[in-house]
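Reading through the structure tokens given below for one structure.
Model, not experiment: these values are computed from the prediction.
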Amino acid sequence: MGSRFFSKGVAVILSAMLLAGSFPSGSAGAAPGSAEKSNESSALDISQEGNVRGSSDIVAGNGEISVTEASYGADSRSVFETSAVPELPDSTTAVAGKTGGDPGMKASVRYSIVEGTPLIKMEITLDNRTGSDFNGNFGYIIDPDQPGEQHSYLPGRNWVYSQEKNAIRSGWTDNYLFNGINNAFTGKTAHAILWPNEQQPEIIMHEAIFMGVWFPAVIPDGESQSYVIYHLPHVAGPADKPYAAAEFWAQFIRDHGQAEEYGSITGSVTDEAGAPVPFTEIVAADENGALYARAVTNREGKYQIFAKKGVYRITPVNEEYSVEGRIVEIGEIRRIQADFTMKKYAEVRVELPSELVAETPFEITMTVQNLTDAPLQNVALEVHPPYFVHLLDEGSLEIPVIDARAQAVRKVRAVALEGGRSVIQAKVSTDIFNLTGTSSFDVRRAGYYGGDNHSHTKHSDGVHTVAENSASVYNNRLLSWLWSSDHNTDSQGPDTDAVTESYNGRFLSLPAAEITTKSGHALAFGINGVPRYDINDPESGYSWQDSIDEVTGQGGLFYIAHPFDQTYTFRNPYQWTGFTGVEVWNGTWHALDNGVNERAFRFWDEINIRGDGKYYGIANSDGHTKDKVGDPYIKGKIGGLSKQNVLELLRNGGYYGSNGPELRFSIGGVDMGGTLQLESAGHMPFQLQAFDPNSNLTSVRVIKYPVTGDIADYARREIVFEEDLTGRQTNTFSKTIPLPVTDKEFYRMEVRSEKAQENSSGIGPLAGTGFAFSNPVWVELSGSSNSAAIESISYKNKTKYKLLPTFGVNRLEVYDNRFDPKKLSVITSSGAKETSIHYTELVSGTRSVGLLKISVTAKDGTRKDYSYVVDTISVRDKQNQGR
């Protein structure tokens, strides 16, 4: 219940409520639909109780709306509730809805726009004619309706990211409560509740999904009480201070500012072709040149700055463009329009062949176009490939001059070392500008591919179509598959088939089912039809174990979804066995959320300690919009992009979950998801690799758990390796370390970095942090060994060689007249042996480049292949370099 105001297309639930009692110390009522409820009635319980009755007349006028003769029962505790309609214009508002209850408690509210500001003013009067005194609180609540992105800021108490549900009674230092997205500017609408300084709330619920303020409501029978509340719908400011507008208008209210002394500067920022230039900072400086305010253009290139009357210089800041600032004055004319046309110095295009195949060289073509009427001097061009693409030519080039309105073309040869999807960047810079051109691509054959395994479309409760979600994860997230796991339906199947066909082997759109019940949710992959969802039906007696057995009995995969979600808690999760895995990272929250997901991680570890099976942990977006799908995702090695290979990856656990960082993890040559079998305990090589294309790494660690059958032994978990990378300014980590291993244990790897991928979200204290986790490697003692690890490699010659551990595929640098595979010396793990060596030269000359493949076979016959890029520098060339 409550009313919905639509501002810039974002729904916000606004509820005003009375509480007959106050919150218990340190807690607040649970959100609507939550499994948790306070012992006392709370404002938010009203949505479940369904006890709002009656109706009222709604009077709509120019600039205001009044709810008249609203009647409420004191037992219902609701003062008024209305249902929203369209975006609020400057002067008129329309509301329609129902109010109800005991005619003894009356309420009226007047809505108005504070002229010259973005503030919606609500003047609320409560009139008690119930025959008894009322002693409680009056609450105003908002639900920002931005799943996975609810971050709440209370000055003096800092940010909160949901799940805390603490009633705040002191400690705020300003008269506003902000809700928006921290750590990133997305252009999405944010909101704030503001109140007069002399009307301080008694309780603030700083909870993020639902947030609100409660004012004392002591209303003797026959008397009334009035409140003033301001609602601020606006686009959040720069990522480092998204609450800037709320802070500005809070001071305006606190100082009893006069609206006629303020004005606004609005405008659009476009390029010369008229296209919007989004996410560009707009700086407003005062007459003395001091910074006054900052804004950021949204996706449509629009911005807005509110300011006191005065003279300001407005300047867009974007290093790809040239633009002159403008002097504007807010005076008698209080609404100033300041549009900007940004002139680009140059543009760069990156072109790749339409078909790329792993291990086959190709050309990257870069065209730099001078868009100015003067020559561009000393243009630097740098090619930045992803980790699995190796440049066969120098990647840093300099173009001495590009004539006016002319272009320069440069080509660089490269080879993809494995299959997958990514992007190549070309960065162009001079002393006056920097710009980046990109081209995404797909490489066929075996490699690491990524996808999202939990999303929703219009076939259930999603916002967008299968095609729209698929295009978003393919183009924006660079993923290669997406499961549309709609609730209790397979009607999306024809759409997913059509989308897959349209991508011609480059992308898979796949149908799955989210088994949706009052006892929790689960994901079923790889079966035909919709699984039964009459779980815990007293008549059928059908249980979650029956569902697990039925899905897996058909050859399908069964993953428990968000087991500790507060609204859709999975009933008795420890009771069930034989399923495939657990959604430990649901994208509504960050993995490190101090709540839902961290509890799921522990549950996952505990059931693996239990030892009745080997359960995998998966990261999914649970995206209901095209912007959310693909955040987070999983990535793993498959033989090529096909539905069968993706299903096998989900079946064998050979993947990791992430919102940006990449990782590789193996023990004794056995990769994540597998089991290392040994004849006896001893030391084994742990290969740890991490890479982040978005930011610097901050830590890498490995956690060890015993398999004892008793989940209480979670207390015996041990961090066997940890390296703090904070401050090292590196985005790559590669290390092989020997560690002791023995029977019945498993290990997981975790990686953290400074920032997640762009537009990654999720609630939690570390929202915005890059995080990745591996599936376990189990260790068991048996009659033989499947360890097929290369422990060391050397090259026998009179000069030197270097083994350069890089992420993904290692690099061997050899100083010789030519590379001779016979000079290699390979040392393998105990019982294993090198069974083949194959070398292919890709580039010949004084500096040749080739691919080296070594096969190692374990004692039990298990085979593993290793790849190396070999750069061979001739001895004569090296000697010349030395001179």
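Using a distance-only test at 3.5 Å, with no hydrogens or angles considered, a donor-acceptor pair links the side chain of Glu598 to the main chain of Asn594. No donor-acceptor pair under 3.5 Å is formed between the side chain of Asp565 and the backbone N or O of His562. The backbone N or O of Asp622 lies less than 3.5 Å from no partner atom in the side chain of Asn620, so there is not a single donor-acceptor pair. When atom types are taken as modelled, the side chain of Gln492 and the backbone of Ala512 share a donor-acceptor pair closer than 3.5 angstrom. Using a distance-only test at 3.5 Å, with no hydrogens or angles considered, a donor-acceptor pair links the side chain of Ser787 to the main chain of Gly668. Here the side chain of Asp631 pairs no donor or acceptor atom with the backbone of Ser760 at under 3.5 angstrom. For the pair Thr675 (side chain) and Val779 (backbone), a donor-acceptor distance under 3.5 Å is absent. The backbone N or O of Leu781 lies less than 3.5 Å from a partner atom in the side chain of Asp743, making a donor-acceptor pair. Between the side chain of His456 and the main chain of Ser484, no donor-acceptor pair closer than 3.5 Å is present. In this structure, the side chain of Asn731 does not engage the main chain of Asn696 through any donor-acceptor pair within 3.5 Å.
Aromatic rings from Tyr559 and Tyr616 are positioned such that their centres are separated by 6.0 Å or more. For Trp544 and Phe570, the distance between ring centers is under 6.0 angstrom. Ring centers of Trp481 and Tyr449: at least 6.0 Å apart, outside the cut-off. Under the 6.0 Å cut-off for aromatic ring centres, Tyr747 and Phe686 qualify, their centroids lying closer than that.
Crowding of Tyr533 atom OH: a count of heavy atoms from other residues, nucleotides or ligands under 6.0 Å not exceeding 12. The environment of CD in Glu758 is sparse: at most 12 heavy-atom neighbours from other residues, nucleotides or ligands sit within 6.0 Å.
Heavy atoms only, all atoms of each residue included: Gly762 and Lys628 are closest at N-NZ, 4.4 Å. Across Pro511 and Thr496, no two heavy atoms sit closer than the pair CD-OG1, 3.5 Å. Nearest heavy-atom pair, Ile618 versus Leu650, reported as atom, atom and distance to 0.1 Å: CD1-CD2, 3.8 Å. Of all non-hydrogen atoms in Ile607 and Asp612, the two that sit nearest each other are O-OD1, 4.2 Å. Here the shortest heavy-atom pairing between Met749 and Ala690 reads CE-CB, 4.5 Å. Of all heavy-atom pairs spanning Asp692 and Asn694, the tightest one is OD1-N, 2.7 Å.
Here the options are Asn536, Asp534, Thr517, the test is side-chain contact (heavy atoms from CB on, under 4.5 Å), and the partner is Tyr542; only Asp534 passes. Of the candidates Thr806, Leu851, Leu852, Leu851 is the only one forming a side-chain contact (heavy atoms from CB on, under 4.5 Å) with Val869. Checked against Phe601 for a ring pair (Phe, Tyr, Trp, His ring centres under 6.0 Å), the options Tyr615, Tyr714, Phe773 give a single hit: Phe773.
In summary, Arg752 and Glu750 do not engage in a salt bridge, as defined by a charged side-chain N under 4.0 Å from a carboxylate O. With respect to Asp442 and Arg506, a salt bridge is recorded, a charged nitrogen being found less than 4.0 Å from a carboxylate O. Checked for salt-bridge contact, Arg811 and Glu813 meet the test: a charged N lies under 4.0 Å from a carboxylate O.
Between Asp486 atom CG and Ser455 atom OG the span is 7.0 Å, to the nearest 0.5 Å.
Residues forming a ring pair (Phe, Tyr, Trp, His ring centres under 6.0 Å) with Phe807 (at least two apart in sequence, or on another chain): Tyr387, Phe691. Residues forming a ring pair (Phe, Tyr, Trp, His ring centres under 6.0 Å) with Tyr574 (at least two apart in sequence, or on another chain): Phe603.
Side chains of Ile609 and Phe746 form a contact here, defined as non-hydrogen atoms less than 4.5 Å apart. Within the 4.5 Å cutoff, no side-chain heavy atoms of Thr732 are placed close to those of Leu697. Here the side chains of Leu725 and Arg728 are in contact, with some heavy-atom distance below 4.5 Å. Taking 4.5 Å as the limit, some side-chain heavy atom of Gln757 sits within range of a side-chain heavy atom of Arg477.
Arg599 forms a cation-pi arrangement with Phe564, by the criterion of a distance under 6.0 Å to the ring centre and an angle within 45° of the ring axis. Cation-pi check for Arg664 over Tyr448 is met; the charged atom lies under 6.0 angstrom from the ring centroid and within 45 degrees of its normal. Arg716 forms no cation-pi arrangement with Tyr705, by the criterion of a distance under 6.0 Å to the ring centre and an angle within 45° of the ring axis.
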Which pairs would a plain distance check flag for residues 635-642, meaning a side-chain donor or acceptor within less than 3.5 Å of a matching protein atom at least two apart in sequence or in another chain?
residue: Lys635; atom: NZ; partner: Glu662; partner atom: OE1; Å: 3.4
residue: Lys635; atom: NZ; partner: Glu662; partner atom: OE2; Å: 3.0
residue: Ser642; atom: OG; partner: Asn645; partner atom: N; Å: 3.1
residue: Ser642; atom: OG; partner: Asn645; partner atom: ND2; Å: 3.3

